[in-house]
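Below is one structure, written out as structure tokens, with a few remarks after it.
The analysis underlying the following values was restricted to heavy atoms, covering all of them including side chains, and did not include hydrogens, waters or symmetry mates. Whatever order the structure lists them in is the order used to number ligands and atoms, beginning at 1.
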Amino acid sequence: MNPPGAPRFPFPTFPRGWFVIAFSTDIAPGEVKTLRYFGEDIVVFRGEDGGVSAVHKTCPHLGAHLGGGEVIGNCLRCPFHHWSFDQAGRCVDVPYAPKIPPRAAVRTWAIREQNGVILCWYCPKGEGPTWEPDRLEDEGWTPIRMVRWELASHPQEVAENTVDCSHLGPVHHVNSTEVLSVEQGEHRMRVVLNMVTSGAQVGMPDEINDVELDVNLQGLGMVISTTQVKNAELCTRQRIYPTPIEGDKLAIFAAANIRIMADPGYTAEIDQIFWDAFNADFPRDFPIWGKKAYLDKPLLAGGDGPIGRYRRWCRRFYDYPVEAAASAGEGAAAAAEASAPAGKTRRRERVRRWLRRVVGRAGVGPGRPPGAGNEQEDEEEDEPFVPRAPSVRPPPPPSETRFDSVESYFETLERRFDPAAAGDLDAVFQWVLSGEGERACYAVVRGGAIETQVGVHPSPTVTIEMSAPDYLMMINGELHGARAFASGRGRLRGPVRLAMKMQRIFPLEREV
Ligand code: FES
Ligand SMILES: [Fe+2]
């Protein structure tokens, strides 16, 4: 435990590295803003040419605060005597003097603008950047959605979350987590995790999602995560940028988007669903981060993740060695990491086997074919990976029902309709199926009752467009619905969240 009266974190408030200080959209051309980070006022302005610059607040002439200045052309003009400074900080105009004083310049911050954010280099010694932040591919991705929070914490604590596997069950309702790999470089660290999680968080209560999370840290200010929802062929990107303000006051900038899929409407729906889920899920850490202590020597156990390794990597971003941080968790973490189960490959395979069983039982997808992994490991009789979050709703009970034609599916639709699952829903579900067995029909669900009709409804709530053979495969569990829509093999019009409920409203079998 840290001694009473000691600073909350036994490392400097401001690590060296790139930190986001604004979204690109925060600073319009011709605009100047004062932003407070790293315990300083940073004056940011955007010229009419679109270029963004950041300067220290104090005018070198007589000390006015440049945040009160004005953008003229591509220069920042001081409010006091109208000296003008260009985007590199050089004084380019002293309106009343015949000659600009030599060396007249304001100190600048190193800035990079990319992927919708403005990054600022911070070095406690005032030295320039020693590495460049990676530029992400934007093409093929939806526009980013952005949010900024403030809380009491430190960038190192936020980034530590990515290696803290054992909090993912209690806080984020993940069923199981496995660290697949950890790579460390001079300024980068990459952690790949496999997670098994309920789809309830993304409006798919009947799904068990097999998620690979690829987290790339660039310094302590950039946490770039790519999430592959493998069973649904969805790919999303979440970017977390913690930036220290002063004391333990921390800003967190977040940006998220998804890879564009074949159907723009489906893409937009999924984009919204994942954004809502991100906004509900990520802040679950905040109450804990805001109050937790940083323990120099945490008491770790096997399964906690590579926390000690992460903390040792973090030291390079501070200009000291500080005793406390140098020993931060090293012994305990190393011991815990060493006592972790025998090998990551074996554990990974246990997760996969468990997933195959659960997914197979739930009838929500084809699962992984038997024997697709390492045969030797498949024969191991280890216990399955036990889900850690009992609050997660289990998948619906297994069904052996198979339909031999789409016709039999629709003939039994009214009988299989579950009024309890529909509740007070007022909606029209429509199917437009092509090819062999083609049909257009719809079901009006209102007041706990159902009425089916052949033909096309003038204003359906949800429409599924697909070939009849593909639809037959889907209802028989041989074609994953989300995959089919993601790949463009089918089209879904209307709210995806409502479509996801269809499995419950029209279960495959139901006692009359
Ligand atoms: S103080 Fe800025 S121009 Fe004089
Ligand atoms: Fe978390």
Side-chain angles (χ1 to χ4, degrees), residues 32 34 41 43 45 55-72 75-86 89-101 103-108 147 149 151-179 191 193-195 197-198 201 211 213-215 217 220 223-225 227 236 238-242 250 252 254 256 277-292 294 298 303-307 310 388-389 391-392:
V32 54
T34 301
D41 281 1
V43 177
F45 68 98
V55 297
H56 287 257
K57 66 173 188 193
T58 306
C59 178
H61 177 218
L62 281 166
H65 195 304
L66 288 166
E70 203 179 334
V71 176
I72 308 289
C75 295
L76 178 62
R77 190 175 71 178
C78 178
F80 206 3
H81 310 92
H82 279 188
W83 288 28
S84 281
F85 301 92
D86 70 8
R90 287 181 300 256
C91 179
V92 292
D93 187 33
V94 178
Y96 52 85
K99 191 163 170 258
I100 296 171
R103 298 196 309 276
V106 61
R107 283 197 297 142
T108 55
V147 63
W149 294 284
L151 61 144
S153 189
H154 185 282
Q156 180 174 326
E157 292 275 80
V158 173
E160 183 170 296
N161 216 241
T162 55
V163 292
D164 178 359
C165 300
S166 50
H167 92 290
L168 294 171
V171 178
H172 301 291
H173 305 171
V174 171
N175 293 32
S176 70
T177 309
E178 184 73 8
V179 178
V191 183
L193 304 165
N194 193 91
M195 301 190 307
T197 178
S198 161
Q201 296 190 60
V211 177
L213 188 64
D214 189 339
V215 187
L217 309 182
L220 300 181
V223 184
I224 317 290
S225 303
T227 307
T236 74
Q238 298 83 32
R239 294 185 263 151
I240 305 295
Y241 302 108
L250 181 75
I252 296 182
F278 173 71
N279 275 275
D281 182 60
F282 182 70
R284 288 190 179 120
D285 285 306
F286 293 176
I288 295 170
W289 289 344
K291 293 199 171 114
K292 77 182 283 294
Y294 179 88
D304 270 332
I307 289 174
Y310 164 76
R388 294 176 185 166
S391 61
V392 172

So which atom in [X] and which in [Y] form the shortest heavy-atom distance, rounded to 0.1 Å?
{"X": "His56", "Y": "Val106", "answer": "O-CG2, 3.6 Å"}
{"X": "Ser166", "Y": "Gly303", "answer": "CB-O, 3.9 Å"}
{"X": "Gly63", "Y": "Thr58", "answer": "CA-CG2, 3.6 Å"}

Checklist outcome for this item: Sorted by chain and number, protein N/O/S atoms nearer to the Fe ion (ligand 2) than 2.8 Å are Asn161 OD1, His167 NE2, His172 NE2, Asp285 OD1, Asp285 OD2

Item to check | Donor-acceptor contact present, side-chain His167 to main-chain Asp164, <3.5 Å | outcome: yes

Checklist entry - Within the side chain of Tyr310, is there an N or O that forms a donor-acceptor pair under 3.5 Å with the backbone of Gln156? => result yes

Next on the checklist: Quick check: do Ile224 and Val215 have side-chain heavy atoms less than 4.5 Å from each other?
Outcome noted: no

Checklist entry - Is the Trp83 ring parallel, tilted or perpendicular to the Tyr96 ring (thresholds 30°, 60°)? => result tilted

Item to check | ring-ring contact (aromatic ring centres under 6.0 Å, His included) between Tyr241 and Trp149, worked out | outcome: CA-CA 10 Å; Tyr241 302 108; Trp149 294 284; over 10 Å; no

Checklist entry - OG/Ser153 to CD1/Ile252 distance, rounded to the nearest 0.5 angstrom? => result 7.0 Å

Item to check | Total protein N, O or S atoms, atom 4 (Fe) of ligand 1, separation less than 2.8 Å | outcome: 2

